[in-house]
Amino acid sequence: MTFEEILEKPPYSLCKEEKEKLLTSRLTELTKLHREKCPEYRRILDAIGFDATDVRTYTQLPFLPVSMFKEHDLRSVPKEEVVKTMTSSGTTGQAVSKIYLDKATSTNQQKAMVKIVSEFTGSGRMPMIVIDCPGVIKNRAMFSARGAGILGFSIFGAKKIYALNDEMQLDVEALKEFLEKYKGQRILLFGFTFMIWQHFYKELLRLREDGIRFDLSNGILIHGGGWKKLTSEAVGRDEFHKRLEDVCGLKQIHDYYGMVEQTGCIYMECECGHLHASVFSDVIIRRGLDFSVAGIGETGIVQVVSTIPESYPGHSLLTEDEGVILGEDDCPCGRKGKYFKINGRLKNAEIRGCSDTYASKF
Amino acid sequence: MQASFKELQYIVGNEETIAKMQDIRPLRPFDDKVVDFLNSLSGILMKNRDYPDVATFGFWCRKAALLKEKQKYDDIRDRLGKGIVFHSTPSNVPVNFAFSFASGLLAGNANIVRLPGKPFEQVDIISNAVAGLLSDEYKEMEPYICFVKFPPSKEITDFFSALCSVRVIWGGDMTVAELRKSDIPARTTEITFADRHSAAVIDADAYLEAERKDLVVQNFYNDTYYSDQNACTAPRIIFWRGKKKEEAKADFWNRVHELVANKYTLAPVQAVGKLNALYNVAAQKEVRLAESEDMLITRICVDRLDKDLMDYKYNSGFYFEKDIEDLKEIANICDKRCQTITYYGVAEEEFRAFLEEVRPIGIDRIVPMGKSMDFTLIWDGYDLIRQMSRRVTII
């Protein structure tokens with residue numbers, strides 16, 4: 001099965017059995033492809049004695065921990081065919097993931113993303129406000145998850161402005177002008193959860209006290225990057241929605257879950273507050289003890305599979321996130337497929353031993 | 001010099017202790033006063049039922065045990081301590097600091113001990129016992145003992161480093177490198193505990209004949225899982241020799257699995273780390289994963305011992321495994337970083353012959369299975385008493 005065939009299917013149209021069949025077929029093919037083309041991947045599969053003929057369903061396929069892309073250059077195409085290398089964020093000083101894209105994989109990422117996001121925004125491009133600074137995509141050193149997210153979503157923007165300047169201050173005049181110009185139209189807003197809260201919401205709140213108010217009731221906000229930094233301020237999803245509506249009338253707000261290692265296959269949050277897997281990808285929750293598949297409602301380690309990656313062996317990955325499947329095919333929003341929740345990073349274990357932790361804190 | 005810093009916390013002793021230390025007279029190794037003091041400390045700590053590691057330290061510093069150690073030294077008459085020893089102890093092992101401290105004291109020195117940063121009740125128990133003794137019958141020992149806590153701070157490390165005659169650094173390569181940014185006086189010496197790896201050798205036939213296999217397995221557990229297999233003494237590679245290797249392995253690992261499943265908690269993040277470590281080595285080398293129903297034991301069979309194999313080591317129950325016909329075959333992992341060989345069913349003479357013939361640049365300890373963590377005054381290849389004292393010659 002080719003990716004083009006999968007792309008023809010509406011993103012949330014397949015029920016469990018249909019989707020399982022599709023994923024098993026495509027992901028088994030991708031596993032074979034990468035085993036053939038990527039020597040490191042082949043050695044790994046040989047080491048664990050993986051035999052594709054035993055596979056009945058895609059959950060039996062091997063998965064690589066995402067860190068593998070930090071420590072190795074994993075490619076399934078010749079160097080010359082790489083058109084783009086994506087790097088993941090990581091704490092300063094740490095190694096970053098390197099994801100090698102050829103033309104086909106890069107194009108397919110975009111196509112999948114358009115299909116998925118259009119389900120929420122409608123087709124057609126909209127004026128777009130990026131709630132970040134332009135420096136993020138200019139500066140190659142900073143060009144990471146944030147830059148990739150902005151560039152990825154920019155295809156939905158007809159006309160685009162950055163709401164913040166490079167000092168991370170809200171550009172009030174530019175925003176005013178932009179909203180005036182596109183008055184009455186639907187507007188797409190995109191940014192990272194924490195940035196939105198810190199540099200957009202808080203500033204709007206302050207401006208309101210000065211009598212300046214923006215009306216974004218026509219807006220649709222898509223945000224990602226996780227809630228970690230906001231939990232310290234005790235702001236959860238509901239609070240986030242309520243406060244934004246309060247300050248600027250924004251009602252349509254969608255979180256998403258995604259990662260550089262599987263760009264394109266993002267998991268959008270529906271009107272009911274659930275993250276959804278599209279037909280292009282899936283989420284499997286695994287138990288920490290033996291990596292067996294956890295049931296609905298059972299918290300575990302998040303595995304993500306994607307039907308896109310052909311240029312690097314990233315079609316089946318074990319993340320370092322904890323999550324839980326909330327249900328399958330029966331979300332009240334009407335979308336088929338699994339819907340789930342991400343709890344955040346796996347908790348760090350306090351490992352004993354004499355190699356110390358002082359040094360890293362110096 | 002003023003020993004007060006905002007971030008510096010005195011747990012035993014105070015600024016004045018530091019001032020007095022600079023004028024103290026060193027003691028002879030195994031001075032009677034010191035042995036009595038440690039024996040009294042032992043008396044208090046051995047009563048502790050909550051923490052086996054505290055009791056183990058208490059047992060170790062009994063008078064009888066120390067006097068037995070003393071007999072191993074034939075030059076004590078000519079020896080004196082060097083002055084002040086500054087111990088930087090590991091942040092994530094609770095009782096290691098106590099052994100380091102006791103060694104410095106036994107060698108005849110005043111001791112400034114940086115305690116683990118993490119809160120451990122064991123540290124409080126030992127510190128309180130020491131403080132109690134110093135305030136009562138061992139007042140004269142006061143200027144010899146100061147326990148401190150401080151967050152990573154070059155300023156404070158500079159200060160103590162400038163005072164000491166011996167600097168003892170536990171905690172591995174990174175910590176050694178960090179502390180070395182602080183200068184020490186010209187005649188000050190260092191004892192550094194770098195990153196090390198260890199191995200185990202098991203004779204399959206001897207194991208199969210063992211009457212108490214459960215004890216062998218318990219000993220293995222204590223050497224490995226007890227420290228999350230993250231102590232430098234914990235074996236990272238297991239060598240099997242003998243005729244019935246497969247039979248022995250099957251029995252051994254089954255029993256280990258049963259014990260681990262009962263006693264050890266593997267957090268999800270550890271399981272992911274192990275999978276990542278496994279794939280790291282598998283991506284680069286030809287290895288084979290032994291089948292297992294879960295992630296508690298990760299066994300990676302290797303046919304070849306590449307010199308860099310130990311760069312791929314990991315913790316939480318992550319083992320390389322290799323069959324050998326002859327002890328000599330382990331030589332390739334015995335580089336400078338190799339510390340401890342634990343064994344079961346191998347005779348002392350065989351190791352002596354091995355050392356004679358192979359003369360490896362690594363290996364500092366060869367100990368029976370289960371004894372890898374037992375502290376001795378010769379540790380990591382250092383004779384701690386002699387390294388922390390000086391020999392006076394009179395001709």
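Per chain, numbering begins at 1; letters A, B, ... match sequence-line order.
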How long is the span from the CZ atom in F291(A) to the CG atom in L275(B), to the nearest 0.5 Å? 5.0 Å

Among residues 28-36 of chain A, those lying within the under-4.5 Å heavy-atom range of chain B are none

Shorter than 4.5 Å, heavy atoms on both sides: which option in H72(A), E40(A), E322(A) has the most such pairs with chain B? H72(A)

Is the count of non-hydrogen atoms from other residues, nucleotides or ligands lying under 6.0 Å from K149(B) atom NZ greater than 12? yes

Residue Y226(B) versus chain A: region with a heavy atom under 4.5 Å: backbone

So for atom CD, which belongs to E121(B), do other residues, nucleotides or ligands contribute more than 12 heavy atoms lying within a distance under 6.0 Å? no

Mind checking side-chain hydrogen bond (donor to acceptor under 3.5 Å, both in side chains) for E155(B) and listing every partner two or more places apart, or none if nothing turns up? none

Decide yes or no for E71(A) and N280(B): does some side-chain heavy atom of the first lie under 4.5 Å from some side-chain heavy atom of the second? yes

Can you tell which part of I44(A) gets under 4.5 Å to a heavy atom of chain B, answering side chain, backbone, both or neither? both

Under 4.5 Å from any heavy atom of chain B, what part of L74(A) do you find: side chain, backbone, both or neither? neither

NZ (K285(B)) with more than 12 external heavy atoms under 6.0 Å: yes

Rounded to the nearest 0.5 Å, what separation is found between the CD1 atom of I48(A) and the CZ atom of R288(B)? 13.5 Å

Rounded at 0.5 Å granularity, tell me how far OH in Y279(B) sits from CZ in F63(A). 6.0 Å

Quick check on the interface: out of P65(A), G49(A), S67(A), G288(A), who has the most heavy-atom pairs with chain B under 4.5 Å? P65(A)

Looking only at V269(B), I300(B), D294(B), N315(B), the option with the highest number of non-hydrogen pairs under 4.5 Å against chain A is V269(B)

Counting heavy-atom pairs under 4.5 Å with chain A, the top scorer among L266(B), L289(B), L278(B), N276(B) is N276(B)

E293(B) versus D290(A): any side-chain heavy-atom pair under 4.5 Å? no

What is the distance from atom CG of L289(A) to atom CD of Q270(B), rounded to the nearest 0.5 Å? 11.5 Å

Please classify the contact of Y225(B) with chain A as side chain, backbone, both or neither, using a heavy-atom distance under 4.5 Å. backbone

Please check if the number of heavy atoms outside E258(B) that lie under 6.0 Å from its CD is greater than 12. no

Would you mind telling me which of P268(B), A282(B), A283(B), S316(B) has the largest number of heavy-atom pairs within less than 4.5 Å of chain A? A283(B)

Under 4.5 Å from any heavy atom of chain A - which part of S292(B): neither

Quick check for you: to the nearest 0.5 Å, what is the distance between Q284(B) atom CD and R43(A) atom CZ? 6.0 Å

Below 4.5 Å from any heavy atom of chain A, which atoms of A267(B) appear? Answer side chain, backbone, both or neither. side chain

